[in-house]
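Notes for the one structure printed next.
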Amino acid sequence: MSSISDQLEALMRGTAQVISEKELLKKLQRGKPLRAKLGVDPTAPDLHLGHAVPLEKLRQFQEFGHTAVLIIGDFTALIGDPSGRSKTRPQLSSEEVQENARTFTDQAFKILDKDKTELRFNGEWFKKMTFEDVIRLNARVTMQQMLQREDFKARIAADQEVRLHEIQYPIVQGWDSVMVKADVELGATDQLFNILVGRDMQKSEGMEQQVVMLMPILEGLDGVQKMSKSLGNYIGVTEAPDEMFGKLMSISDELMGRYYTLLLGAELDASAHPMDAKKQLAEKVVTRFHTPGEASEALKNWEVKFSKRDHEAADLPELMLGERRDLLGVVGHAYETAFDSKRSGSDLRRLIQQGSVQLNGEKVTDLKSEPDWKSGDVLKLDKKRFVRLK
RNA sequence: GGGUAGGUACCGAAGCGGUCAAACGGGGCAGACUGUAAAUCUGCUGGCUCAGCCUUCGAAGGUUCGAAUCCUUCCCUGCCCA
């Protein structure tokens, strides 16, 4: 068993802000397992590496014998967290939320130890509330407090709308902390405000206040904006090894350092060649969500496909020709069947005319031509997509 | 409720009767260069049976040879006042 100070040091690692370390120490010294809370909204059905950052921290708590309390915000998702938002989040229907919640938890347990996780849905307590309860809950906070919040302030300053339901969000999230008696609440840095409200709520309930533990926000593939599904700059935890590997390889060197600290909890070895370092990063991350075997397979595949550009040897999706034999038709068919991606005709035309499409390494730009398709031919669609004809 | 400013393509933002599928910027995609990187340069960025045609500028009507641009009604948002 590790000492309290070792534990504290490990828990503090990689955090962006903790309020406060002293409180955390005090709680740890008590020797009782802590209740570490992480709330997630099942707004998007798929988890990505950005979500993985706080989940990893939560797992660390589990490893030290604490209880992970994972709250699925089936109720809060109906509101939509305004954190970091410059506009109102769309509200989801209960059906969508239910559906998302399922896939969400399945994926979260790729990281968390399911047996040591207390899974809660906040609809459990909120759906029972009467309007009177809601009013009373609201009486606990002031308008001024809510307006202190940066997101709201900014929107108000920019003359953008702020809907009343949005200012309910922190109150609701805060109440979660009371209901699950959280000792620590984890979250990304944009959760500071929400989590602090939780502390206030606990205080007014005469409870010991939770420690706020904030994790940095992981930038997406573009290296600028935070990783999010809606921005399309994400790596999903369920993505195939090759896909995941490829995406990781496409990040900038600068971003790679971030990923090292936040995803691997390690420092980037500055002496290594950036590409080697990146390959290692990719391999480690893929291992985490798949298996070591699949990870090294993905590495090999990537090298064959992109470093050596040896598409003969690469493991590519196979394509059965469809009805059409003309270039435009085949390319469209390839996107649809091999990559499940529907593109408009104009889009395909553009791609072809701009020289993205190559047959066995040769650019082919005549839309209507009907090349002599042969089994084994390699057709490049765009930078990342290739198929082999069957 | 009163006053006022607005609603334009993925986003921001021009346009204010024809030359508008709609300037410009961002984003995205592609090409060149590379380490499938970044940066940079270039091109593309509504759809289609693509030298042509069809559908877009909050919605529905109307005026006109012709509307994103004018009129009417409606819907939505900001700001000021109450």
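Lettering of chains follows the sequences in order, A, B, ..., and the numbering in each one begins at 1.
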State the CZ-OG1 distance between A/Arg13 and A/Thr261, to the nearest 0.5 angstrom.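 A/Arg13 CZ to A/Thr261 OG1: 12.5 Å, rounded to 0.5 Å.
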Is there a donor on the side chain of [X] or the base of [N] sitting less than 3.5 Å from an acceptor on the other?
X        : N     : result
A/Arg349 : B/C50 : yes
A/Gln354 : B/G31 : no
A/Asp276 : B/G35 : no

With rounding to whole Å, what would you report as the distance between [N] and [M] at their [atom1] atoms?
N     : M     : atom1 : result
B/U8  : B/C16 : C1'   : 12 Å
B/G15 : B/G6  : P     : 11 Å
B/U4  : B/C71 : P     : 15 Å
B/G31 : B/U63 : C1'   : 49 Å
B/A38 : B/C44 : C1'   : 22 Å
B/A5  : B/A39 : C1'   : 42 Å
B/C41 : B/A9  : P     : 29 Å
B/C10 : B/G78 : P     : 23 Å

Within the side chain of A/Asp382, is there an N or O that forms a donor-acceptor pair under 3.5 Å with the backbone of A/Val357?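 Judged by distance alone, no pair lies under 3.5 Å.
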Indicate, with a heavy-atom threshold strictly under 4.0 Å, whether A/Lys305 touches base, sugar-phosphate, or nothing.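 Nothing: the residue A/Lys305, judged by heavy atoms under 4.0 Å, touches no strand.
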Could you tell me whether A/Gly223 contacts a base, only the sugar-phosphate backbone, or nothing, with contacts defined as non-hydrogen atoms closer than 4.0 Å?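 The answer is nothing, as A/Gly223 stays clear of every strand by at least 4.0 Å.
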Polar side chain donor-acceptor pair, A/Asp347 to A/Tyr335, under 3.5 angstrom: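 Not at all, the side chains of A/Asp347 and A/Tyr335 share no donor-acceptor pair under 3.5 Å.
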Donor on one side chain, acceptor on other, A/Gln210 and A/Ser177, under 3.5 Å: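 Yes, A/Ser177 and A/Gln210 have a side-chain donor paired with an acceptor closer than 3.5 Å.
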Out of B/G31, B/G28, B/A38, which has the shortest distance to the side chain of A/Asp222?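 So the side chain of A/Asp222 is nearest to B/G28.
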Looking at B/G35, B/A38, B/C48, which one has an atom nearest to any side-chain atom of A/Pro274?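 My answer, after comparing the listed nucleotides, is B/G35.
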Measure from NZ or CZ of A/Lys247 to the centre of the six-membered ring of A/Tyr234, then state whether that distance is under 6.0 Å and the direction lies within 45° of the axis.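 Pair A/Lys247/A/Tyr234 counts as cation-pi.
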Rounded to whole angstroms, how far apart are [atom1] on [X] and [atom2] on [N]?
X        : N     : atom1 : atom2 : result
A/Ile352 : B/C29 : CD1   : P     : 18 Å
A/Asp382 : B/G28 : CG    : P     : 15 Å
A/Gln353 : B/C29 : CD    : C1'   : 14 Å

Mapping A/Leu351 and A/Ser346 to their closest nucleotides on RNA chain B, which lands nearer the 5' end?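 Of the two residues, A/Leu351 wins.
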Which residue lies more 5' along RNA chain B, comparing A/Lys368 with A/Ser356 via nearest heavy atoms: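 This one resolves to A/Ser356.
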Strictly below 4.0 Å: does A/Arg350 bring a side-chain N or O up to OP1 or OP2 of B/G47?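 Answer yes for this pair, as a side-chain N or O of A/Arg350 is under 4.0 Å from OP1 or OP2.
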Is any side-chain nitrogen or oxygen of A/Lys383 closer than 4.0 Å to OP1 or OP2 of B/A32?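 Indeed not, no polar side-chain atom of A/Lys383 lies that close.
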Look through every strand shown and name the nucleotide pairing with B/G1 as Watson-Crick or G-U wobble, where both distances are under 3.5 Å.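 Looking at the geometry, B/G1 pairs with B/C81.
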Both distances below 3.5 Å, Watson-Crick or wobble geometry, any strand: find the nucleotide opposite B/A23.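 B/A23 is paired with nothing.
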Looking at A/Lys181, A/Arg35, A/Lys26, A/Arg30, which hits salt bridge (Lys or Arg N to Asp or Glu O under 4.0 Å) with A/Glu208?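 With A/Glu208 as partner, salt bridge (Lys or Arg N to Asp or Glu O under 4.0 Å) holds for just one option, A/Arg30.
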